[in-house]
Amino acid sequence: MFKQKAIHAIKVLGIDAINQANSGHPGIVLGAAPMAYVLWTKHLRVNPDDPTWINRDRFVLSAGHGSALLYSLLHLSGFNVTIEDLKQFRQTDSKTPGHPEYGLTEGVDATTGPLGQGIAMAVGMALAERYLAKTYNQPDLPLFDHYTYVLCGDGDLMEGVANEAVSLAGHLGLGKLIVLYDSNDISLDGETSLAFSDQTLKKFEALGWHTLLVKDGNDLEAIDAAIEEAKAVTNKPSLIEIKTVIGQDTPLEGTHKVHGAPIGADGASYLRKKLGWSYDPFVIPQEVYDHFNEVVKQRGKKAYEAFQARLSAYREQYPDHYEELERAMKGILPENLSDILPSYDLGTKDATRNYSYQCLNALKDAVPYLIGGSADLSSSTKAVFKEEPAFTKDQVGRNIMFGVREFAMAAIANGIMLHGGLRPFVSTFFVFTDYLKAALRLSALMKLPVLYILTHDSIAVGEDGPTHEPIEQLAMVRSIPNVRVIRPADGNETACAYRLALETQDRPSVLVLTRQNVPTVTTGDYESFKRGAYILREAQNGKPEGILIATGSEVQLALKAQEALAKENIHVRVVSMPSMDAFEEQEDNYKEAVLPSHIRKRIAIEMASTFGWHKYTGLDGAVIGINTFGASGPGHELVEKFGFTVEQIVKTYKNLK
């Protein structure tokens with residue numbers, strides 16, 4: 001009977017918050033409260049006094065629209081989410097936004113809401129747990145031994161990214177991943193049967209998952225037993241389908257009308273009568289708080305204290321492992337990164353994807369917590385550690401074979417980064433950022449320094465044609481807030497790009513790299529490079545009348561054009577601009593020094609959409625870019641066909657007024 005009172009408290013708190021805001025999703029709060037109660041009070045190990053404890057269980061509310069459910073649980077369990085915070089649900093500058101946000105609300109392990117990504121991030125968390133356990137656990141001192149739990153809904157399982165991630169999780173046998181599926185057969189537009197008839201348990205079983213069914217979402221003992229069984233299965237992830245009634249105990253229960261709209265005062269009154277709940281809105285009896293304190297907070301505190309004792313013993317018995325782990329947890333980089341990364345002589349030629357491979361492998365031993373892979377393209381993108389095993393069901397390695405799953409790859413990397421202790425990189429062709437953009441956006445929103453290694457960056461891809469030749473992608477990724485976009489010109493700038501990316505700790509970094517060979521034309525001056533744009537070569541007479549701005553493979557073209565113009569006694573400055581966003585962060589006097597406002601004759605040169613460049617070229621300048629799709633043919637022929645020649649640059653400059 002008392003358990004029911006605690007469940008009722010979760011329900012009414014969620015409903016009170018939603019009604020107060022006159023906005024939110026009450027359906028999942030009411031339907032999923034029993035399963036959430038069982039999970040949090042019987043299984044989940046968390047410590048509200050140290051919410052980021054590394055060996056805590058993770059809880060990902062993939063159905064992020066049910067945030068009021070999560071905030072109620074956090075409040076009752078003793079996290080820093082107060083009644084006043086619940087009263088400010090969905091209000092400006094509150095700690096209880098419409099969907100859970102990592103880094104804003106204590107106890108939220110991932111930003112969720114875009115359906116399916118929560119499941120994918122949880123796969124990353126479970127993968128990280130296995131890697132760290134295999135790498136650092138000792139027989140007598142296991143440091144990493146926790147579960148990743150997910151609460152998802154029908155909508156999550158319709159999303160493609162969830163299916164990508166679920167497939168990989170089953171393939172890898174991530175046994176400490178347990179998904180609770182709130183199966184109520186209702187989505188926003190109506191019954192799920194209108195659009196969804198998957199035999200979910202059979203599908204998951206076919207994908208290598210352990211599956212269970214709880215027919216009654218109010219049967220606490222059955223839910224508890226199912227979770228216990230799932231925890232006992234160590235060689236497969238588990239899906240527990242729990243049949244629930246959306247919006248239970250309201251006049252609209254079982255209908256889509258209760259999915260995403262408040263039930264109002266009358267609905268809340270009806271609910272309270274059905275539950276026998278006599279307390280005023282936002283009033284919870286002390287005995288409920290005492291109960292949650294005992295079964296969640298104190299239970300978690302004991303587990304935390306036991307972990308701290310193991311950690312202390314580990315530090316004494318395995319000091320080298322401990323020091324490495326501590327550096328990994330804090331993301332500490334070697335002080336001599338520039339010495340570790342390679343440098344290249346002027347005139348040497350190679351593709352920046354190959355320089356990237358050399359940089360990545362130079363960092364392998366120096367930054368042992370780097371881990372990652374590509375979407376079945378490592379032989380092309382070169383984003384792979386040589387002489388390092390793959391991460392498989394039977395072994396852990398630093399090369400993750402994501403398969404052709406770009407979206408899930410990036411979302412899984414977010415989960416790895418959220419877990420802590422590892423720094424993930426992912427890789428694919430640049431054009432396929434279209435597939436992973438939504439996960440990149442969450443990397444930026446959560447301020448996660450995931451490294452994106454994206455190659456085949458222009459029409460120079462050649463014969464594969466316009467389907468594989470990025471045009472609008474540079475403008476797209478540059479438009480995403482809080483993303484570091486870097487397009488290096490050669491090997492030395494590629495090495496600088498790696499240093500800048502690794503030192504960037506508050507956002508993802510996107511490295512945009514060539515397939516074709518480019519000559520080494522820069523000296524790798526990191527202090528200049530990290531400012532985003534710098535004077536690569538001044539005008540011969542020291543008094544530039546114009547400026548050529550270029551990125552990536554087009555920098556060497558700008559230098560050749562500068563020489564051609566100089567022969568006609570036209571003297572211009574060449575500026576390499578590997579990172580627009582880094583340049584925008586510089587002080588005004590530096591930006592004015594690189595791009596003086598009185599020099600109005602400017603040309604930007606980049607084999608991509610011209611969108612965004614006019615900010616730097618102005619009304620009197622020009623942009624040599626591409627505003628159509630590419631074509632199929634030898635890369636060097638396409639470069640000429642689309643006007644990326646010295647002659648075209650010279651002609652364009654002369655035509656400037």
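All heavy atoms count here, side chains included; hydrogens, waters and symmetry mates do not.
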[atom1]/[X]: more than 12 non-hydrogen atoms of other groups inside 6.0 Å:
{"X": "Asn655", "atom1": "CG", "result": "yes"}
{"X": "Lys651", "atom1": "NZ", "result": "no"}
{"X": "Gln540", "atom1": "CD", "result": "no"}
{"X": "Gln505", "atom1": "CD", "result": "yes"}
{"X": "Met401", "atom1": "CE", "result": "no"}
{"X": "Tyr526", "atom1": "OH", "result": "yes"}
{"X": "Tyr435", "atom1": "OH", "result": "no"}
{"X": "Lys447", "atom1": "NZ", "result": "no"}

**Request:** Rounded to the nearest 0.5 Å, what's the gap from CG on Leu557 to CD on Gln562? Could you check?
**Result:**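 The CD atom of Gln562 is 12.0 Å from CG of Leu557, to the nearest 0.5 Å.
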
**Asked** To the nearest 0.5 Å, how far apart are CG in Leu454 and CG in Leu513?
**Response** 7.5 Å

Taking all non-hydrogen atoms of both residues, which atom of [X] and which atom of [Y] are closest, and how far apart?
{"X": "Pro97", "Y": "Leu104", "answer": "CG-CD2, 3.7 Å"}
{"X": "Ile605", "Y": "Glu554", "answer": "O-CB, 3.6 Å"}
{"X": "Met417", "Y": "Leu422", "answer": "CE-O, 3.6 Å"}
{"X": "Ile603", "Y": "Leu656", "answer": "CG1-CD1, 3.9 Å"}

**Message:** Checking side-chain hydrogen bond (donor to acceptor under 3.5 Å, both in side chains) between Gln473 and each of Thr433, Asp457, Asp434, which is the one that passes?
**Reply:** Asp434

**Prompt:** Think Arg398 forms a cation-pi with Phe391, using NZ or CZ under 6.0 Å from the six-ring centre and within 45 degrees of its axis?
**Reply:**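 So Arg398 doesn't make the cation-pi contact.
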
**Arg531 to Phe583, cation-pi by 6.0 Å centre distance and 45° axis angle** = no

**Request:** For residues Phe425 and Phe385, establish whether the separation of their ring centroids is below 6.0 Å.
**Result:**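 Between Phe425 and Phe385, the centre distance is under 6.0 Å.
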
**Item:** Residues Glu545, Arg602: salt bridge by 4.0 Å N-O rule
**Value:** no

**Ser62 side-chain N/O to Ile119 backbone N/O, donor-acceptor pair under 3.5 Å** = yes

